[in-house]
Peer 1: 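Following this message is one structure expressed as structure tokens.
Atoms within a ligand are numbered from 1 in the order they appear, just like the ligands themselves.
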Amino acid sequence: MQKGLVFNIQRYSIHDGGGIRTIVFLKGCPLACPWCSNPESRKAVEPVQWIKNGKKEIIGEWKTSAEVIDEVLKDEIFYRTSGGGVTLSGGEVLMQHLFAKEVLSELHYLGINTAIETTGCFEKERLESLLPFTDEVLFDIKILDMTQAKKVIGINLKNMKENFEMALQFPGVKVTPRIPLIPDYTATEENIEMIINYFKNFDIKEVHLLPFHQYGSSKYDYLGWEYLLKDMETLSDTEIDQIKKRFESHGFYANIEGLE
Ligand code: SF4
């Protein structure tokens with residue numbers, strides 16, 4: 001049985017998929033988005049220590065897939081009555097793909113709706129192994145200029161696009177693209193234009209827009225890491241609405257969602 005490193009299990013969420021959900025956050029992410037609001041999830045699949053209110057805390061706990069299944073099944077009644085289920089998030093789920101596969105396949109067998117959130121930043125075999133047990137993929141699309149994507153967040157866009165397009169074609173899987181709206185990074189005229197033009201190649205009906213926020217800021221202090229966007233202002237409601245309308249004018253239903 002696989003063990004996975006989990007840094008949070010959040011119950012009763014109404015984000016990250018339909019209905020009432022439990023979100024299982026897996027530790028580890030190879031990317032370096034400067035706006036990341038879960039910096040404790042980044043880097044290797046190993047526990048990290050932070051100091052919060054003067055106390056040392058270890059972030060990340062190794063759990064077997066059976067332990068995670070037991071935990072999430074406590075809310076099975078809510079999933080069944082609300083059309084909800086379980087979402088594996090991160091970090092980057094594909095960092096722990098073998099563990100994720102075990103959890104997803106068991107939930108799938110039990111008839112629980114499953115979702116994953118990913119940036120698709122690995123070779124496509126990893127995502128491909130999860131899709132037979134996944135009902136929805138919340139696919140993060142951030143920066144579509146190849147050079148900028150590599151420079152700012154460290155992602156290989158070729159991998160990301162291969163994964164995205166494979167998921168879109170995979171039978172029985174709903175793919176919902178999610179775009180973090182980060183001033184000067186992703187929410188620029190050019191980037192939004194590139195994303196819309198890219199999406200027009202596919203049968204995409206709905207996108208999620210995730211406006212920038214500063215809620216993760218104190219976590220950088222706990223970790224003793226520099227937070228480059230500490231003075232970045234959030235977008236105004238008008239700016240968010242303008243971006244939403246741009247997507248809608250091209251026929252996409254744009255949902256302002258939870259926050260990245
Ligand atoms: S992909 Fe997500 S978890 Fe990884 S650095 Fe970016 S925002 Fe953070």
Side-chain angles (χ1 to χ4, degrees), residues 4-10 13 15-17 23-48 50 59-60 87-97 99-100 115-124 126-127 130 137-146 148-164 167 175-187 191 195 207-230 232 234-235 257-260:
L5 189 63
V6 175
F7 74 94
N8 191 13
I9 294 183
Q10 186 184 328
S13 173
H15 298 294
D16 301 321
I23 318 296
V24 179
F25 291 90
L26 303 185
K27 169 85 175 74
C29 178
L31 303 184
C33 309
W35 54 86
C36 182
S37 63
N38 285 326
E40 74 275 35
S41 73
R42 281 168 44 185
K43 306 188 181 180
V45 182
E46 56 188 37
V48 67
W50 73 17
I59 309 297
T87 301
L88 300 190
S89 184
E92 169 51 63
V93 167
L94 300 181
M95 283 280 274
Q96 300 193 58
H97 62 292
F99 176 70
I116 59 171
E117 183 182 2
T118 184
T119 58
C121 60
F122 281 92
E123 311 74 39
K124 69 179 185 181
R126 291 196 184 199
L127 180 61
L130 305 186
V137 179
L138 302 162
F139 210 116
D140 294 344
I141 306 283
K142 300 168 194 275
I143 296 175
L144 277 195
D145 175 85
M146 180 99 52
Q148 280 296 100
K150 189 78 193 158
K151 188 171 149 205
V152 176
I153 58 180
I155 196 167
N156 178 329
L157 267 195
K158 188 168 165 284
N159 282 349
M160 186 281 275
K161 285 185 170 176
E162 268 178 14
N163 277 301
F164 183 64
V175 178
T176 306
R178 322 181 89 196
I179 302 124
L181 301 180
I182 317 296
D184 301 342
Y185 288 95
T186 65
N191 193 50
I195 291 174
V207 302
H208 289 176
L209 304 177
L210 288 68
F212 174 65
H213 61 83
Q214 288 284 14
Y215 303 149
S217 168
S218 51
K219 293 180 176 182
Y220 287 83
D221 294 335
Y222 304 158
L223 289 160
W225 295 357
E226 187 184 14
Y227 177 40
L228 296 173
L229 304 196
K230 64 176 184 301
M232 169 82 74
T234 54
L235 294 169
E257 252 283 324
L259 305 159
E260 176 160 286

Peer 1: Identify, by atom number and element, the atoms of ligand 1 in contact range of Ser41, meaning under 4.0 Å from any of its heavy atoms.
Peer 2: 3 (S)
Peer 1: What atoms of ligand 1 come closer than 4.0 angstrom to any heavy atom of Arg42?
Peer 2: 5 (S)
Peer 1: Quick check on contacts: which atoms of ligand 1 are under 4.0 angstrom from a heavy atom of Thr119?
Peer 2: 1 (S)
Peer 1: Test Met160 against Phe139 for side-chain contact (heavy atoms from CB on, under 4.5 Å), laying out the working first.
Peer 2: CA-CA 9 Å; Met160 186 281 275; Phe139 210 116; 4.0 Å; yes
Peer 1: Touching ligand 1 at all, Leu31? Heavy atoms, strictly under 4.0 Å?
Peer 2: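 It does, in that a heavy atom of Leu31 comes within the 4.0 Å cut-off of ligand 1.
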Peer 1: Look at the side chain of Ser37 and the backbone N and O of Gly216, then say whether any donor-acceptor pair between them is shorter than 3.5 Å.
Peer 2: no
Peer 1: At a 4.0 Å cut-off, with the gap strictly under it, does some heavy atom of Glu92 reach an atom of ligand 1?
Peer 2: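 Glu92: no contact with ligand 1 (<4.0 Å).
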Peer 1: Side chains of Gln214 and Tyr227: any donor to acceptor distance under 3.5 Å?
Peer 2: yes
Peer 1: Is Arg178 reaching over with its side chain to a backbone N or O of Leu138, donor-acceptor style, under 3.5 angstrom?
Peer 2: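 The answer is no, because no donor-acceptor pair under 3.5 Å joins these two groups.
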Peer 1: When you measure from the centre of the six-membered ring of Trp225, is the NZ or CZ of Lys43 closer than 6.0 Å and no more than 45° off the axis?
Peer 2: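 Judged by the rule (NZ or CZ under 6.0 Å from the ring centre, within 45° of its axis), Lys43 counts as positioned above Trp225.
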Peer 1: Where on Cys29 is there a heavy atom closer than 4.0 Å to ligand 1, on the side chain, on the backbone, on both, or on neither?
Peer 2: side chain
Peer 1: Backbone or side chain, does Cys36 get an N/O/S atom under 2.8 Å to atom 6 (Fe) of ligand 1?
Peer 2: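 No, outside the cut-off.
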Peer 1: Say whether Lys219 and Asn38, considering side chains only, have a donor N or O and an acceptor N or O under 3.5 Å apart.
Peer 2: yes
